[in-house]
Amino acid sequence: MLLARRLGRARHATTIRAVSAKDASIAYQKEKAVESDSCAIVDKGTVGPYRLRRPLKIPLSHRGMEVIQDPLYNKGTAFEPAERDRLGLRGLLPPKVSSMDEQCARIMLRLRSFEDDIQKHMYLSELHDRNETLFHRVVVRHIGELAPLIYTPTVGQACLEFGHMFKRPRGMYFSADDIGQMNAMVQNWPMKDVRVVVVTDGSRILGLGDLGANGMGIPIGKLALYCAAGGIAPHRVLPVVVDVGTNNVELREDPLYLGLKRPRLTGAAYYEVVDEFVTAVLHRWPKTLIQFEDFESSVAQPLLDRYRDKILCFNDDIQGTGATVLAGVLACLRQTGKTAQDLKDQRIVMCGAGSAGVGVSTVIKDAMIAAGLSEEEARSRFYVLEKEGLLAKQGMSPADYDSLAPEQQILAESFDVPTAKRGDSLLDVIKYAKPTMLIGASTVAGLFTEEVVRAFHEGCGGKPIIMPLSNPTSKCEVSASDAYAWTNGECVFASGSPFDPVEYEGTKYYPSQCNNMFVFPGLGLGASVAEARVVTDAMLRAASEACANSVNVEEMARGQVFPSVDRIRDVSLDVAVATVESALRDGLATREELLRPGVDVRAFVEAKSYFPAYVPVVTDPGFFDN
Ligand SMILES: NC(=O)C1=CN([C@@H]2O[C@H](COP(=O)(O)OP(=O)(O)OC[C@H]3O[C@@H](n4cnc5c(N)ncnc54)[C@H](O)[C@@H]3O)[C@@H](O)[C@H]2O)C=CC1
Ligand SMILES: CC(=O)C(=O)O
Ligand SMILES: [Mg+2]
């Protein structure tokens, strides 16, 4: 403690919470992360005496190397002498017992010695496969530095190289060849109580297109954030690829590709595979939340429509991103002293009519209606562009219009500049519509050219809001430095992948990261803790508002409209609490403890959140009995 003070580092009080017997297999004591690499900063006293911790139970048969090789139980050099004796580890580890802080310091030292981000990603994956508790602890403690390595942008490269770098499996694969077997296959997963499944069919991985089974990196990365940011315990998450083939010919011709080497299934055959997977998962784990991730737009919305009223699920790219961008928009209004009511005055140009573009536009449109606009008025504020230019009924053949998805048709129908027509270019639309916000979900790097950004700035009549959402960075519509330079430092900038602070004409600017990572871990934690029946628009709206309100005064003063990634764990807690409260309001929460009068929702959610810390490991003769 004294040393910490002498070093001038901040530290916070530590809370130890009792945990329910149900959650006893992993430690849930809460400790506010201490931001330091120094192994001397956290002494044992700060995490409390061992006797308060519930032990981690492992099968009686598990001993020696088996314990060390199981990432859920392994503590590496941190096994205490008594455990080493109890578990048959004496002599299998170096004699010095390390503290977790020493282990974290060792990991960070090595990690920072790599120059290449993909090497860093691999190093962290290996740690994940070796010692989950330490992996998550390092991620929690250094989330700002590590999120870009385990998530966007590096995860994009990791997916591209997945088949070539493959070392050890993580998660499950359900392929078109497994039809009829899936109900049996789910029994192969060793964990009894899975609560969150993130599934992709690999058809649209970030802005990189169809990567087939290589897309597994995305569910793994999203679920790493679920654990570190959302407080879901690692043994309760399951990353999944549903492999129905790939239309990526290059992959199919790659001898090292690990997925099915055939064109994707379509139509009824496709839905048959997904249906069987969903049914099997819910059969074994009825309380599981399923997050659909990076499904190509032609199936993303139909899958959501198919399941959203029946099971606990959401589509992250449509709903999670919608809630996230709305949070950013609400925070922008707050920044300029306005309220949600002022949403009515916004005009939005959205580049991209895929799941992200349409999902975001629909959510903001609905929020405008909630602020008092009619449906017609709200629609008229949106100019959605796709590859072929403006998406507009006017100038479009009836056959083309009929081929649009219903959500796209809605956004193509009325404009407050009535001469707007099909195919108008981005620059023309910017000039005549004079938008207040320019959002990119196009996957086209550099789409927001200097001419476009300058025209936008000139016409917007205030602070231009620029959100290039496309991931990874190589697909981003405009960089932070260009956006600030082309708007004379006046824009609000929030991008899907992170940018470092920018120095422009002597002033430092702090770009925000507008990524659904600020919503999905908390939304998932809340929905899961509440054992909600379904995920509703009201829950998403509550999550969005909580995210917007979590931007603190310091961040606002720096011009941020999203919190710093360093604070994602606190933000996720706010989002989770808002989600649970919404579920309770609408009678959709089924968790008995939450239905009792006077329940403290925040305390309950906090107590259920996983925090990666070591607890004593004991063998349990009854491990396989239930
Ligand atoms: N920041 C975040 O939290 C999120 C970011 N995204 C990113 O958004 C991007 C799009 O995702 P999806 O909608 O699922 O992809 P998608 O491939 O379904 O949609 C892309 C859309 O962009 C349009 N487009 C292509 N060229 C264009 C151009 N020159 N001008 C205007 N529009 C153009 C296409 O016509 C299509 O409508 C991806 O890069 C993804 O990584 C997606 C979800 C969340
Ligand atoms: C962030 C995300 O979900 C995406 O880029 O697809
Ligand atoms: Mg996604």
Side-chain angles (χ1 to χ4, degrees), residues 147-148 151-153 155-156 159 198-211 215 217-219 221-222 225 291-301 303-304 314-328 349-363 383-391 404-405 407-408 411-412 423-430 438-449 452 467-478 494-499 512-521 544 547 562 565:
Y151 188 57
T152 187
V155 72
C159 288
V198 175
V199 58
T200 185
D201 69 353
S203 53
R204 189 286 277 150
I205 293 298
L206 305 178
L208 302 168
D210 182 350
L211 298 187
I218 290 293
K222 293 264 174 186
L225 289 181
Q291 173 170 324
F292 291 96
E293 190 68 51
D294 288 9
F295 283 74
E296 198 254 315
S297 295
S298 67
V299 292
Q301 187 69 48
L303 282 173
L304 180 60
F314 68 99
N315 179 295
D316 189 34
D317 302 293
I318 300 173
Q319 298 168 290
T321 313
T324 305
V325 177
L326 177 61
V349 166
M350 166 67 72
C351 290
S355 18
V358 171
V360 168
S361 302
T362 306
V363 167
Y383 293 79
V384 178
L385 288 97
E386 51 177 0
K387 212 181 293 171
E388 296 79 11
L390 185 67
L391 187 65
L404 296 178
E407 308 73 33
Q408 292 176 318
L411 294 163
D424 285 348
S425 74
L426 174 58
L427 189 60
D428 285 346
V429 173
I430 294 273
L438 175 59
I439 308 180
S442 66
T443 76
V444 180
L447 182 66
F448 300 166
T449 59
V452 164
M467 294 191 180
L469 302 180
S470 292
N471 296 317
T473 318
S474 60
K475 303 289 175 186
C476 185
E477 286 83 0
V478 64
S495 53
S497 295
F499 280 95
S512 300
Q513 187 172 359
C514 175
N515 190 292
N516 49 33
M517 72 198 279
F518 282 113
V519 165
F520 73 77
S544 186
C547 178
F562 282 91
V565 174

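For this chain, numbers begin at 1 and follow the sequence in order. Atoms within each ligand, like the ligands themselves, are counted from 1 in listed order.
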Walk me through it: do D316 and F292 pass the test side chain to side chain contact (heavy atoms under 4.5 Å, CB included)? CA-CA 6 Å; D316 189 34; F292 291 96; over 6 Å; no

Show your working on side chain to side chain contact (heavy atoms under 4.5 Å, CB included) between I430 and Y383 and close with a plain yes or no. CA-CA 9 Å; I430 294 273; Y383 293 79; over 6 Å; no

Verdict with reasoning, V478 to L438, per side chain to side chain contact (heavy atoms under 4.5 Å, CB included): CA-CA 11 Å; V478 64; L438 175 59; over 6 Å; no

Can you check side chain to side chain contact (heavy atoms under 4.5 Å, CB included) on V565 and Q513, steps first, answer last? CA-CA 8 Å; V565 174; Q513 187 172 359; 3.6 Å; yes

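Numbered from 1 in the order shown, with element, the atoms of ligand 1 that lie under 4.0 Å from a heavy atom of G496 read 1 (N). Of all atoms in ligand 1, listed by their number and element, those nearer than 4.0 Å to a heavy atom of A353 are 21 (C), 36 (C), 37 (O). Ligand 1 places these atoms under 4.0 Å from at least one heavy atom of C514: 1 (N), 2 (C), 3 (O). Close approach to T321 involves these atoms of ligand 1, each under 4.0 Å from a residue heavy atom: 3 (O), 4 (C), 43 (C), 44 (C). Heavy-atom proximity to G207, at under 4.0 Å, picks out these atoms of ligand 1: 38 (C), 39 (O), 41 (O).
Residue K222 holds its NZ atom at 6.0 Å from CD of Q291, rounded to the nearest 0.5 Å. In this structure, CD1 on I218 lies 7.5 Å from OG1 on T200, to the nearest 0.5 angstrom. Rounded to the nearest 0.5 angstrom, L426 CG and T449 OG1 are separated by 7.0 Å. Note that CD of E386 is 13.0 Å distant from CE of M350, once rounded to the nearest 0.5 Å. Expressed to the nearest 0.5 Å, how far CE of M467 lies from CD of E477 amounts to 12.5 Å. In this structure, SG in C514 is found 8.0 Å from CD1 in I439, a value given to the nearest 0.5 Å.
No side-chain heavy atom of L303 sits less than 4.5 Å from a side-chain heavy atom of N315. Side-chain atoms of K475 and L206, non-hydrogen and from C-beta on, never get closer than 4.5 Å to each other.
Ranking protein heavy atoms by distance to atom 35 (O) of ligand 1, first place goes to K387 N, 3.0 Å. The protein atom (non-hydrogen) at minimum distance from atom 25 (C) of ligand 1 is S442 O, 3.6 Å. Atom 3 (O) of ligand 1 has N516 N, 2.9 Å as its closest protein atom, hydrogens excluded (heavy atom only). Protein heavy atom closest to atom 16 (P) of ligand 1, with residue, atom name and distance, is S297 OG, 3.9 Å. Of the protein's non-hydrogen atoms, the one nearest atom 13 (O) of ligand 1 is A356 N, 2.9 Å. In this structure, atom 19 (O) of ligand 1 lies nearest to the protein heavy atom G354 CA, 3.5 Å. For atom 10 (C) of ligand 1, the closest non-hydrogen atom on the protein side is A441 O, 3.4 Å. Atom 5 (C) of ligand 1 has L469 O, 3.2 Å as its closest protein atom, hydrogens excluded (heavy atom only).
Comparing L390, T443, V358 by heavy-atom distance to atom 38 (C) of ligand 1, the nearest is T443. When N515, L447, D316 are checked for heavy-atom proximity to atom 28 (C) of ligand 1, L447 turns out nearest.
Considering backbone and side-chain N/O atoms, E388 never comes within less than 3.5 Å of an N/O atom of ligand 1.
Partner of S544 under the side-chain contact (heavy atoms from CB on, under 4.5 Å) criterion, chosen from T324, L326, V519, V325: L326.
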Could you pull out every N or O of ligand 2 that sits under 3.5 Å from a protein N or O, with the distance for each pair?
residue  : atom  : partner : partner atom : Å
ligand 2 : 3 (O) : K222    : NZ           : 2.9
ligand 2 : 3 (O) : E293    : OE2          : 3.0
ligand 2 : 3 (O) : D317    : OD1          : 3.1
ligand 2 : 3 (O) : N516    : ND2          : 3.0
ligand 2 : 5 (O) : N471    : ND2          : 2.8
ligand 2 : 6 (O) : R204    : NH1          : 3.0
ligand 2 : 6 (O) : D294    : OD1          : 2.9
ligand 2 : 6 (O) : D317    : OD1          : 3.0

Distance-only check: which donor-acceptor pairs under 3.5 Å involve side-chain atoms of residues 356-363, not counting sequence neighbours?
residue : atom : partner : partner atom : Å
S361    : OG   : G357    : O            : 2.7
T362    : OG1  : V358    : O            : 2.7

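When heavy-atom distances to ligand 1 are checked against a 4.0 Å cut-off, K475 has no atom that comes that close, whether in backbone or side chain. The proximity of N471 to ligand 1, defined as any non-hydrogen pair under 4.0 Å, involves the side chain as well as the backbone. Neither the backbone nor the side chain of S495 has any atom closer than 4.0 Å to an atom of ligand 1 (non-hydrogen atoms only). Of all the heavy atoms of V444, the ones lying under 4.0 Å from any atom of ligand 1 belong exclusively to the side chain.
S474 pairs by the side chain to side chain contact (heavy atoms under 4.5 Å, CB included) definition with P472, not counting sequence neighbours.
The nearest pair of heavy atoms linking D201 to V299 is OD2-CG2, 4.1 Å. In terms of heavy-atom proximity, N471 sits nearest to G496 at OD1-C, 3.0 Å. The minimum heavy-atom distance linking R204 with E296 is given by the pair CB-CA, 3.8 Å. The heavy-atom pair separating F295 from S355 by the smallest distance is O-OG, 4.1 Å.
Residue contacts with ligand 1 include R204, since one or more of its heavy atoms lies under 4.0 Å from the ligand.
The tally of protein N/O/S atoms under 2.8 Å from the Mg ion (ligand 3) stands at 3.
Of the N and O atoms on the side chains of N515 and Y151, at least one donor lies less than 3.5 Å from an acceptor on the other residue.
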